Amino acid sequence: CDMLTSAYGAGKRGGCPCCEERVLKRGGYRFLPRATAPEAACEECLLPPPPPSSAADVPPFTWPRTVSEIEEATEKVKAATNANLDAVAAVPQDQLTFESVIRPLMEAPNFKTNPLVCQAKHLQHCSTDSELREAATKASTVFAALKKEGKTRKDVYEKVHAFANSDEAKSLPAYEAHFVASILRGFERSGLALGPDESAELRRLLDEDAEVCSQYKRNLAEDKTKISFDPKDLDGCDPEFVKERLEKESGKVVLTLKYPDILPVLQNCAVAETRRQVAMARDSAYGDNLELVAKGIQLRKKTAELLKYKSWAHFVTETRMSGSPEKVMTFLGGIKDKASSGAEADKERLRKLKASHLAERGELPAGGEGAVQLEAWDTAFYHALLLKREYGVDHEAIRKYFPCPLVVEGTLSIYQELLGLKFIEIHEFDSWHKDVRLFVVHDTATGERQGHFYLDLHPRDGKYNHAAIFHLLKRRRMADGTWQTPVDCMLTNLPPPSADGKPALLRHDDVVTFFHEFGHIMHGLCGEGPANATTLAKCPRDFVEAPSQMLENWCFNRGVLKRLSRHIETCESLPEEQVTALLAAKNVSEGLMMLRQLYLGLLDLAIHGEDPPADAAGLQALVDEMRPRISLINNPPGCNMLRNFGHLMNQYSAAYYGYLWAEVLSADMFASRFEKDPFSAEAGMAYRKTILAPGGVGSIAEHLERFLGHAPTQEPFLKSRGILK
């Protein structure tokens, strides 16, 4: 309990012109390079100098302090990448070997096996300096272009193709053979069969799409939208939540569109008009993002057609477990059929609760209870109210049992126990922000280092505004025979500590999110082999979520809930009756929520299908039609969640269905191996070695079936969601 009362203290330093913005304004942290900071700036407001380069057991990064450092690193990567490709292209025909042709392409200088790649581009997601973010974004665009250009090098492809048909290639072990096939497939899917004019057009399309996606992400990260309310308009919200956002000068409560601001309002505010304004703002902000989506999907459509695919969805799913969009549609349609009747009942239950609630407040419409409609800004609030009234689950009250420091430490403890690992925190290391933490990971049995991970948990201006894992550095065998071990980073937007030093309190779904995302870190760090985590051996996008989704089940285990909870004032763990209520409420409104996930997956496939909308107006019409038809909830006029649906403007385009696909697999993994004993050391190590260790090498389906002991089935998933009894 001492940890809870001492965590996160910060105070204003007299005379420093930066402290008020850094400490007292939520999300306004500014840590300045020493060369540009005001003279009176205190040490807490300055970026620290890099630690000595000899610092032991830390990742091989020195984070850039200036734009020129990013530009220099970018140029080094670019020059080395081109030189590497030129060297492969120059290998004589009689000297084509795995080491001369394939190995250099497995460890290309523009892959994340090179620390400079991460140093140059990662700050686009997390720096407080807008100039550094812009420079890092440009670096990322350059690296993306380098990958695309590399795949269009016919001279390199010819050497790979020739080696692939050699006697040496045909006798390679399965592990090495995977990379030969992966490199070949990458070239062939990049259009090397095209003529010169078509190749040039393909490069133009890919470069333009990369730039469109970068601008979309910048609009998300740099949004400055603020919404102001009178305190009375936030009736139902936690008083501390309101107090922390109250502007003394105006007497208004000021909210941003970041999740820690908007989710508590949508879930707890009893004033419908306030919820409406927040929901409308969220889906109508972010500049020209809707136009950028329209442009991006047309570019992808043209790219797919140039490569002789029916659609971008056909191109993407070819290398996934699903294999085709038609198979995905059948999969999603089958779940929709089973979930629809329950979803209709869920919606009517929430609508009746809304009518009852409005009657209590004297706010029924003229037509009475029968005229009440469930709107988009109602579902989260009335779902939360249902949990409170009929299941005794008050997520605002439960938050007091989940202080962020305790959840973090408890989660790390559970993962160490489950996977046979040991985490040690490092306190002296170079960083992009003072809130960042760093850990080194060792195998408990052998003592060998598995890698490192950073935790950057709270929102601030300019930071990536969702929860995600970034694989910063990949495993590689060095020239001296030692191993470069992987480095991962978790960026989340969990609620921050208060200005007076009180620890952040998490909703239970925040706990689930943290547990889930940390599972991705373990996937990255537990990979084995010299190259199984590189871009040539990624897990299929429709499987990569399965390991983390399986681990979410621990957040609904009685023993785990006890370990992760401690009341902020009494230090008591979550009471047994609250645990029972939370578990009983796990699948409340599940049918309606399932249809929302299906809507998102089907929307993704529609905009990346054979006939996508041509412009923003077409996207608006599509959302207006699809949302009520599939999710059963009308789309508010002028609103479009494609403005902030960042997944579809990155590697999840035509792949969002993968969350549900992977969840079906994850449910089977948990039911088959962990349901009886979530802390089975035997099952935990089998999971680590059979599912995590191979990365994307070999057949994922075969690894999975070996772990399960049978072919995967949908039944455990449907039962776990309460759709099948």
Side-chain angles (χ1 to χ4, degrees), residues 234-238 241 259 262-276 278-279 339-365 368-402 505-513 552 555-556 561 574-599 627-628 630-634 636 719-725:
L234 292 166
D235 178 32
C237 292
D238 188 286
F241 171 87
Y259 282 126
I262 64 173
L263 289 184
V265 174
L266 292 174
Q267 290 181 339
N268 301 301
C269 183
V271 182
E273 176 58 20
T274 300
R275 299 196 309 273
R276 187 192 71 82
V278 168
S340 290
S341 61
E344 293 279 5
D346 291 341
K347 179 183 177 182
E348 180 60 14
R349 189 181 190 187
L350 295 182
R351 191 199 69 80
K352 288 181 177 179
L353 179 58
K354 177 181 179 179
S356 175
H357 180 249
L358 292 179
E360 294 168 10
R361 293 174 61 86
E363 297 174 358
L364 273 176
E369 293 188 4
V372 172
Q373 299 293 317
L374 192 71
E375 305 290 355
W377 51 85
D378 291 330
T379 52
F381 174 75
Y382 286 105
H383 174 70
L385 188 62
L386 179 66
L387 294 180
K388 292 175 190 176
R389 291 190 174 184
E390 297 192 24
Y391 294 87
V393 176
D394 183 345
H395 279 292
E396 281 303 299
I398 288 175
R399 285 176 65 237
K400 298 183 188 301
Y401 289 91
F402 292 117
L505 302 177
L506 306 184
R507 301 185 315 274
H508 180 254
D509 56 352
D510 291 326
V511 177
V512 176
T513 295
E552 292 180 16
C555 298
F556 295 90
L561 287 171
L574 193 64
E576 189 63 31
E577 61 271 20
Q578 284 277 24
V579 173
T580 299
L582 192 63
L583 297 180
K586 179 175 179 282
N587 289 324
V588 172
S589 306
E590 184 57 40
L592 195 60
M593 293 178 183
M594 180 69 69
L595 289 195
R596 181 179 185 276
Q597 281 297 103
L598 290 165
Y599 159 62
R627 186 173 184 181
I630 299 171
S631 77
L632 308 183
I633 302 296
N634 288 329
K719 286 183 176 178
S720 72
R721 291 298 195 93
I723 295 171
L724 288 183
K725 304 302 182 184

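Note that this is a predicted model, so its numbers are computed, not measured.
Taking CG of Leu598 as the start and OG of Ser631 as the end, the distance is 10.0 Å to the nearest 0.5 Å. Within the model, atoms CD of Glu576 and CG of Leu561 stand 9.5 Å from one another, a figure rounded to the nearest 0.5 Å. Rounding to the nearest 0.5 Å places CD of Glu590 at 9.5 Å from CG of Leu592. A distance of 8.5 Å separates CZ of Arg627 from CG of Asn634, quoted to the nearest 0.5 Å. The CG atom of Asp394 sits 7.5 Å away from atom CG of Asn268, with the distance rounded to the nearest 0.5 Å. The distance from the OH atom of Tyr391 to the NZ atom of Lys586 is 13.5 Å, given to the nearest 0.5 Å.
Shown here for Asn587 and Gly722, the closest heavy-atom pair between the two residues is ND2-N, 3.5 Å. Pairing each heavy atom of Val393 with each of Ile398, the nearest pair is CG1-CD1, 3.7 Å. The heavy-atom pair separating Gln373 from Lys354 by the smallest distance is O-NZ, 2.7 Å. Smallest separation of non-hydrogen atoms from Leu364 and Ala355: CD2-O, 3.6 Å. Nearest heavy-atom pair across Arg361 and Ala270 is NH1-CB, 3.5 Å. Residues Trp377 and Ala272 come closest through the heavy atom pair CD1-O, 3.9 Å.
Using a 4.5 Å cut-off on side-chain heavy atoms (C-beta onward), Val265 and Phe241 make contact. Counting heavy atoms from C-beta on, the side chains of Asp378 and Phe381 never come closer than 4.5 Å. Side chains of Tyr259 and Leu266 form no contact here, defined as non-hydrogen atoms less than 4.5 Å apart. Taking 4.5 Å as the limit, every side-chain heavy atom of His508 sits out of range of all side-chain heavy atoms of Leu574. Proximity of His395 to Leu582: side-chain heavy atoms (C-beta onward) are separated by under 4.5 Å at one or more points. Between Phe556 and Val512 there is a side-chain heavy-atom pair separated by less than 4.5 Å. Side-chain contact between Glu375 and Arg276: absent, with no pair of heavy atoms (C-beta onward) separated by less than 4.5 Å. The shortest side-chain heavy-atom distance between Met594 and Asp346 does not fall under the 4.5 Å cut-off.
Atom NZ of Lys388 sits in a crowded spot, with more than 12 heavy atoms from other residues, nucleotides or ligands closer than 6.0 Å.
Comment: Arg507 engages Asp510 in a salt bridge, judged by a side-chain N to carboxylate O separation of less than 4.0 angstrom. Look at Glu390 and Lys352 and you find no salt bridge, because none of the NZ, NE, NH1 or NH2 atoms lies under 4.0 Å from a carboxylate O.
The main-chain N or O of Leu505 is never found under 3.5 Å from a side-chain atom of Lys400 such that the two would form a donor-acceptor pair. At least one donor-acceptor pair under 3.5 Å links the side chain of Arg275 to the backbone N or O of Cys269.
Partner of Ser589 under the side chain to side chain donor-acceptor pair (under 3.5 Å) criterion, chosen from Arg349, His383, Arg596, Lys347: His383.
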